[in-house]
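To start, the structure itself, in structure tokens.
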Amino acid sequence: MKKAIEVKNLTKEYKDFKLDNISFTLPVGTIMGFIGENGAGKTTTIKSILDIIKYDGEIKLMDKDNKNEALKDIGVVLDDAFFPEILNAKDINTIMKSTYQNWDSKLYFKYLNDFKIPSKKQIKQLSKGMHKKLEIAVALAHHPKLLILDEPTTGLDPVARSEILEIFQNFMVDPECSIFISSHITSDLEHIADYIVFINEGKILLNEKCHVLLEEYGIVKCKKEELENIAKEDYIRVRKYRYDYELLIKNKKEFKKKYNSEVIDKISLEELMVLMLKGE
Amino acid sequence: MDIIISNNSNVPIYEQIKEQFKSKIIAGELSTGELLPSIRVLAKDLRCSVITTKNAYEELEKEGFVKTIPAKGVYVSKINKEIAKEEQLKKIEKMLEDVVILAKINKINKKELNTILSIIYEER
């Protein structure tokens with residue numbers, strides 16, 4: 001299996017926060033969704049991957065020993081935008097052309113056209129969605145094999161978000177391409193992600209195929225007496241409400257067989273995230 | 001070609017894709033030797049993950065409906081339509097059996113059951 005990203009025992013310590021021994025692998029040709037609360041360690045992980053900060057542990061990109069060599073095949077969209085506001089999209093082409101070896105002006109203008117970004121309008125006059133799309137066009141214009149995206153859809157309206165997801169799926173038609181995308185808008189990831197890594201307080205809580213989470217995990221609602229009859233190992237979390245209990249279970253089919261329960265709800269990534277963090 | 005996927009269904013998405021391809025192959029809408037879209041293009045067009053479409057094709061291959069030719073693509077296999085239809089009929093019989101058992105438990109007679117069946121059949 002070819003690996004786009006391989007993170008082994010990544011640790012980074014700040015005064016009040018620790019990224020604690022994180023490991024995961026993104027196989028080439030797939031999309032990994034990186035989810036977690038604000039402050040869980042998503043951006044710190046991404047900055048480590050990109051060598052923006054120093055860290056302990058091992059990170060390998062595109063199976064290459066030399067990270068710098070791999071970095072040129074990576075397109076990046078970070079949470080905090082970086083373009084000077086008085087420039088326009090055309091100016092950016094001029095700058096990038098002289099900075100990046102692989103920069104493809106023709107492809108860049110094609111993306112501007114596809115995304116309907118006006119090339120002569122000052123960046124400060126662009127809407128938030130346009131701005132993000134411009135960043136994505138820049139990230140794509142040097143023929144990357146791997147996209148690393150930190151919250152690319154946060155703060156955008158549903159139409160802009162769906163347009164951006166479409167761009168990513170078009171990118172993924174090439175089997176050599178991979179995407180690592182962090183987000184707390186989990187519904188965006190639900191459909192397109194192959195893997196989900198869930199990080200909390202600097203630790204990985206869950207690393208699973210997305211469809212397994214959506215198809216096999218479930219929510220059971222029950223009364224107190226019913227809860228007492230359910231073995232502890234058959235649920236991952238339980239959350240107490242005023243009138244009932246909510247259980248997060250790992251295998252709907254087996255649970256149904258064992259307890260003969262009729263009501264097992266499908267789970268969304270959002271519900272999963274909340275139950276994992278709010279349940280006991 | 002129409003493929004409709006429901007994200008709210010309890011049927012896994014890969015299975016929905018698989019079943020719809022199967023019925024198109026059985027009905028002859030997809031013919032023997034026809035090249036199917038790649039897992040990636042299909043994932044893009046159906047707005048789902050690549051693993052999902054890959055699973056769907058793998059299941060179809062296991063059941064003999066398609067054949068993957070490495071580096072070329074996934075092709076519709078030659079299937080025996082009679083046998084395939086027979087299989088589907090068997091499935092229907094089995095499901096109807098459950099229906100009849102449930103009806104008998106609840107003392108719903110044959111006539112009532114037939115009425116329900118025709119209404120549902122017309123509505124779909």
Side-chain angles (χ1 to χ4, degrees), chain A residues 1 4 26-33 158 161-179 181 186-196 208-219 251-253 255-256 261-271, chain B residues 1-22 35-62 66-75 91 94-95 98-99 101-103 105-106:
Chain A
M1 182 183 71
L26 167 64
V28 164
T30 61
I31 300 182
M32 180 176 276
R161 267 166 40 210
S162 91
E163 282 169 355
I164 284 174
L165 294 180
E166 207 181 316
I167 297 167
F168 296 156
Q169 289 213 298
N170 276 319
F171 173 75
M172 288 301 291
V173 168
D174 180 348
E176 293 299 316
C177 289
S178 324
I179 297 182
I181 172 171
T186 51
S187 58
D188 285 349
L189 300 173
E190 235 152 60
H191 305 308
I192 64 164
D194 296 297
Y195 299 92
I196 294 291
E208 186 58 275
K209 284 182 180 154
C210 187
H211 74 97
V212 170
L213 294 178
L214 298 177
E215 286 160 14
E216 292 180 12
Y217 282 55
I219 297 182
N251 195 319
K252 274 193 281 200
K253 251 191 208 150
F255 193 94
K256 197 171 177 181
S261 42
E262 289 298 323
V263 191
I264 304 180
D265 288 344
K266 268 182 74 139
I267 196 162
S268 65
L269 284 182
E270 193 171 312
E271 291 166 312
Chain B
M1 184 165 70
D2 304 317
I3 300 172
I4 313 283
I5 287 178
S6 161
N7 287 315
N8 297 322
S9 160
N10 269 321
V11 181
I13 294 172
Y14 83 88
E15 211 172 306
Q16 296 182 37
I17 300 172
K18 181 190 86 177
E19 288 304 324
Q20 293 186 43
F21 270 107
K22 241 162 95 172
L35 176 64
L36 296 183
S38 77
I39 52 168
R40 290 170 183 284
V41 172
L42 188 63
K44 180 192 72 148
D45 290 332
L46 293 178
R47 281 100 58 216
C48 66
S49 75
V50 174
I51 285 190
T52 304
T53 52
K54 197 167 160 236
N55 281 348
Y57 278 178
E58 275 170 7
E59 291 287 317
L60 280 170
E61 182 147 18
K62 252 190 240 160
V66 303
K67 176 113 192 71
T68 305
I69 298 174
K72 286 200 134 166
V74 179
Y75 294 86
K91 247 198 219 165
K94 211 164 163 277
M95 286 160 124
D98 290 340
V99 170
I101 290 167
L102 191 63
I105 291 171
N106 294 292

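Residue numbering restarts at 1 for every chain, and letters A, B, ... go by the order of the sequence lines. All values below were derived from every heavy atom in this structure, side-chain atoms included, with hydrogens, water molecules and symmetry-related copies excluded.
With a 6.0 Å radius and a threshold of 12 heavy atoms from other residues, nucleotides or ligands, Glu166(A) has its CD atom at or below the threshold. Residue-environment remark: CE (Met1(B)) exceeds the threshold of 12 foreign heavy atoms within 6.0 Å. No more than 12 heavy atoms of other residues, nucleotides or ligands shown are found within 6.0 angstrom of NZ on Lys209(A).
Heavy atoms of Tyr195(A) lying under 4.5 Å from chain B belong exclusively to its side chain. Neither the backbone nor the side chain of Thr53(B) comes within contact range of chain A, judged by heavy atoms closer than 4.5 Å.
Nearest approach of Glu215(A) to Ile13(B), heavy atoms of both residues: OE2-N, 3.6 Å.
With chain B as the partner, the residue from Gly29(A), Ala193(A), Ser268(A) showing the most heavy-atom pairs under 4.5 Å is Gly29(A). When each of Val41(B), Asn7(B), Thr52(B) is checked for heavy-atom pairs under 4.5 Å with chain A, Asn7(B) comes out on top.
Side-chain contact between Pro12(B) and His211(A) is absent, with no heavy-atom pair separated by less than 4.5 Å. Between Met172(A) and Lys44(B) the shortest side-chain heavy-atom distance does not fall below 4.5 Å.
A search for side chain to side chain contact (heavy atoms under 4.5 Å, CB included) contacts involving Glu216(A) returns Val212(A), not counting sequence neighbours.
With rounding to the nearest 0.5 angstrom, the CD1 atom of Ile5(B) is 10.5 Å from the NE2 atom of His191(A). A distance of 8.5 Å separates CG in Asp45(B) from CG in Asn170(A), rounded to the nearest 0.5 Å. Between atom CD of residue Glu190(A) and atom OG of residue Ser49(B) there is a gap of 11.5 Å, rounded to the nearest 0.5 Å.
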With a cut-off of 3.5 Å and sequence neighbours excluded, list every side-chain donor-acceptor pair involving residues 66-73 of chain B.
residue: Thr68(B); atom: OG1; partner: Glu61(B); partner atom: OE1; Å: 2.6

